[in-house]
Trainee: 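Mind looking over this structure? Questions follow.
Here is the naming used below: chain letters follow the sequence lines, and residue numbers restart at 1 for every chain. Note that the coordinates shown come from a computational prediction; the quantities given were computed from them, not determined experimentally.
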Number of protein chains: 2
Amino acid sequence: MKNLLSNLKIAVPEKIYVKDPESSILGKRIIEHSIILINDIGFDSFTFKKLGEKIGSNESSIYRYFESKHKLLLYISSWYWAWVEYQLVFETHSISNDKDKLIKAIEIVCRTIKEDIIFPHINKGALNNIIINENSKSFLTKEVDQENKEGYFIIYKRIVERIKDMILNAAPNYEFASSLASTIIEGSLHQHFLKDHFASITNCNQHITPSVFFINLAINTLKL
Amino acid sequence: MKNLLSNLKIAVPEKIYVKDPESSILGKRIIEHSIILINDIGFDSFTFKKLGEKIGSNESSIYRYFESKHKLLLYISSWYWAWVEYQLVFETHSISNDKDKLIKAIEIVCRTIKEDIIFPHINKGALNNIIINENSKSFLTKEVDQENKEGYFIIYKRIVERIKDMILNAAPNYEFASSLASTIIEGSLHQHFLKDHFASITNCNQHITPSVFFINLAINTLKL
DNA sequence: CAAATATAATAGTATTACTATCATTTTTGA
DNA sequence: TCAAAAATGATAGTAATACTATTATATTTG
């Protein structure tokens with residue numbers, strides 16, 4: 001498994017960065033520590049100057065990789081979804097029963113990813129928190145249509161489409177497969193957020209995970 | 001109807017503002033034009049200086065009403081949800097059948113509010129766009145727990161609870177009423193956003209509104 | 001009409017989000 | 001191995017942001 005994955009590279013749309021952060025040690029340190037720092041102080045307070053101090057590097061060097069902190073967030077977001085997509089494809093590949101496959105898929109996109117040995121410079125727990133707390137900010141902007149045209153959200157959209165296809169395989173007559181798929185993915189992040197900050201308006205907790213809720217929702221809605 | 005409502009005041013948690021904007025002409029102009037300006041240029045580019053220019057008033061005067069633009073967004077958000085809550089209570093009050101009541105409630109919280117004659121200084125279309133595009137930013141912050149303690153999100157939470165109660169009245173054995181309620185409300189905003197910017201990952205459009213999708217979802221999930 | 005209150009004008013501060021330039025270090029390939 | 005190229009670091013500078021503070025002027029009110 002480790003060997004199989006040692007050559008794996010998560011492919012992020014190229015236009016997001018000025019210089020590929022995977023191509024150098026400094027680039028990897030930028031990604032590694034930006035995830036930790038954004039998780040610590042929040043994206044709104046995060047600056048390249050603070051990141052530079054953390055990694056003992058200069059603000060101007062970071063600008064050679066990303067033209068703005070917004071682009072860095074887009075990179076982190078795309079990396080996350082590419083990684084989830086990889087797990088989605090890998091872990092559902094061998095499931096032939098359509099219902100089981102859909103259930104497994106929902107479990108994967110709704111769970112918080114576990115720490116693993118691949119890509120050791122990525123703190124998966126911190127990354128997951130960032131997606132829950134900051135991901136919406138990557139598209140809730142006035143530039144969203146332009147950035148969408150440039151392909152910055154392609155991985156996210158592809159995951160939604162994969163789930164949509166699985167929904168339609170399991171329930172060919174269901175009319176709202178795209179909306180259900182996008183609701184599960186975005187709704188799961190929201191339920192994670194609510195369980196951490198607004199516990200009174202969610203049933204989710206340590207035992208009832210967003211996966212449990214959305215699997216139940218899908219099975220009942222699709223009458224599986 | 002107009003008479004009945006002429007004394008109506010939308011009650012926003014007091015701690016959100018320094019001075020009640022409903023208490024003066026300048027205050028009302030601040031609300032009126034901040035809604036228009038945020039809708040025009042987006043919350044991220046919005047500043048009190050630009051707002052001051054629009055209303056022919058001074059930046060320093062606006063700070064006497066709101067201590068930051070974040071607080072102003074919280075005010076606008078609370079105002080919106082209070083207004084939706086009012087419609088929710090008013091329009092479902094006389095429905096005795098639990099299923100019909102829930103369906104009406106979902107329709108109300110998922111629809112984009114129509115322009116009306118009450119509160120003429122609030123541009124309801126612009127307000128609705130702001131909620132779709134900016135509302136998440138009001139709680140996706142590092143200060144959310146502190147602000148939640150101070151009651152800034154109480155109206156939003158109360159709406160979710162009202163929907164939750166209606167779900168339980170219609171389907172007493174359903175286990176995830178809070179999560180379904182919060183998913184409908186937040187998911188509806190997301191579907192509105194997708195239909196405007198990511199049409200390929202939603203089924204919603206001019207004919208299939210988020211209301212249609214979520215009413216279908218609730219009826220099937222709750223087996224009504 | 002005086003006192004209180006509200007608003008406006010001006011100035012100032014630390015920080016942000018960059019850009020530009022030049023110096024130094026590291027890599028590389030002949 | 002050495003010179004050129006590339007990468008990184010250091011420094012400086014800019015316009016804008018998100019405020020605070022102070023003082024002046026206008027408006028309201030009792």
Trainee: Side-chain N or O of Y65(B) versus OP1/OP2 of dA6(C): is the shortest distance under 4.0 Å?
Mentor: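 No, outside the criterion.
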Trainee: Can you tell me if K19(A) touches the phosphate of dT8(D), counting only side-chain N or O atoms and a distance under 4.0 Å to OP1 or OP2?
Mentor: yes
Trainee: Which whole-number value in Å describes the distance from K50(B) NZ to dC19(D) P?
Mentor: 14 Å
Trainee: Whether E59(B) and K54(B) form a salt bridge (side-chain N of Lys/Arg under 4.0 Å from carboxylate O of Asp/Glu) is what I want to check.
Mentor: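 Salt bridge absent between K54(B) and E59(B).
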Trainee: Strictly by modelled atom types, are N128(B) and T112(B) linked by a side-chain donor-acceptor pair under 3.5 Å?
Mentor: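 There is no such pair between these side chains.
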Trainee: Taking the minimum atom-to-atom distance to the side chain of N58(A), which one of dT16(C), dA10(D), dC19(D) wins?
Mentor: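 In terms of side-chain proximity for N58(A), the closest of dT16(C), dA10(D), dC19(D) is dA10(D).
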Trainee: Which one, dA18(D), dT16(C), dA8(C), comes nearest to the side chain of T47(A)?
Mentor: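 The listed nucleotide nearest to T47(A)'s side chain is dT16(C).
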Trainee: May I ask you to verify if any side-chain N or O of S45(B) is less than 4.0 angstrom from the OP1 or OP2 atom of dA16(D)?
Mentor: no
Trainee: Please give, in whole Å, the distance from dA7(D) C1' to I62(A) CD1?
Mentor: 14 Å
Trainee: Any salt bridge between K28(A) and E32(A), counting N to O under 4.0 Å?
Mentor: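 Here K28(A) does not pair with E32(A) in a salt bridge, since their nearest N and O are not under 4.0 Å apart.
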Trainee: Once you round it to whole Å, what is the distance between P of dG9(D) and CD of E59(A)?
Mentor: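 Rounded to the whole Å, the gap is 13 Å.
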Trainee: Mapping F46(A) and R64(A) to their closest nucleotides on DNA chain C, which lands nearer the 5' end?
Mentor: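 First, find each residue's nearest nucleotide; the 5'-ward one identifies F46(A).
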Trainee: Tell me: CZ of F43(B) to P of dT17(D), nearest whole Å?
Mentor: 13 Å
Trainee: Would you check if there is a donor-acceptor pair between the side chains of H33(B) and E53(B) at a distance under 3.5 Å?
Mentor: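 Absent: no donor and acceptor within the cut-off.
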Trainee: Ignoring backbone atoms, establish whether S68(B) has a side-chain N or O less than 4.0 Å from OP1 or OP2 of dA18(D).
Mentor: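 It does not, given that no N or O in the side chain of S68(B) lies less than 4.0 Å from OP1 or OP2 of dA18(D).
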Trainee: If you assign G56(B) and H70(A) each to the DNA chain C nucleotide with the nearest heavy atom, which residue ends up on the more 5' nucleotide?
Mentor: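 Looking at the nearest nucleotide for each, G56(B) comes out on the 5' side.
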Trainee: Pairs under 3.5 angstrom only: tabulate donor-acceptor contacts from the side chains of residues 194-202 of chain B to other protein residues two or more places apart or in another chain.
Mentor:
unit_1, atom_1, unit_2, atom_2, d
H197(B), ND1, D145(A), OD1, 2.6
H197(B), ND1, D145(A), OD2, 3.4
T202(B), OG1, S179(A), OG, 3.0
T202(B), OG1, Q191(B), OE1, 2.6
T202(B), OG1, C204(B), N, 3.0

Trainee: In this structure, how many angstroms lie between the C1' atom of dG9(D) and the CD1 atom of I30(A), rounded?
Mentor: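 Atom CD1 in I30(A) sits about 13 Å away from atom C1' in dG9(D).
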Trainee: Using a 4.0 Å heavy-atom cut-off across all strands, classify E67(A) as base, sugar-phosphate, or nothing.
Mentor: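 Sugar-phosphate contact only - E67(A) comes under 4.0 Å of backbone atoms but never of a base.
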Trainee: Within the pair S60(B) and dA9(C), is there a side-chain N or O less than 4.0 Å away from OP1 or OP2?
Mentor: no
Trainee: Verify the distance criterion only: is there a donor paired with an acceptor across the side chains of E186(A) and Y156(A) at less than 3.5 Å?
Mentor: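 Looking only at side-chain atoms, Y156(A) and E186(A) do form a donor-acceptor pair, the distance falling under 3.5 Å.
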Trainee: At 4.0 Å (heavy atoms only), tell me whether Y63(A) reaches a base, stays on the sugar-phosphate, or touches nothing.
Mentor: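 The answer is base, as Y63(A) lies within the cut-off (heavy atoms under 4.0 Å) of a base atom.
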Trainee: For a quick check of understanding: with a heavy-atom distance under 4.0 Å over all strands, which category does K49(A) fall into, base, sugar-phosphate or nothing?
Mentor: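 Nothing, no nucleic acid heavy atom in range.
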Trainee: Rounded to whole Å, please give me the gap between CG in L51(B) and C1' in dC19(D).
Mentor: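 Computing the L51(B):CG to dC19(D):C1' distance gives 15 Å.
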Trainee: Mind calculating the distance between CD (E53(B)) and C1' (dA8(C)) to the nearest angstrom?
Mentor: 14 Å
Trainee: What's the closest nucleotide to the L26(B) side chain, out of dA8(C), dT21(C), dC18(C)?
Mentor: dA8(C)
Trainee: In whole angstroms, how far is the P atom of dC18(C) from the CZ atom of F48(A)?
Mentor: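 Going from F48(A) (CZ) to dC18(C) (P), I get 7 Å.
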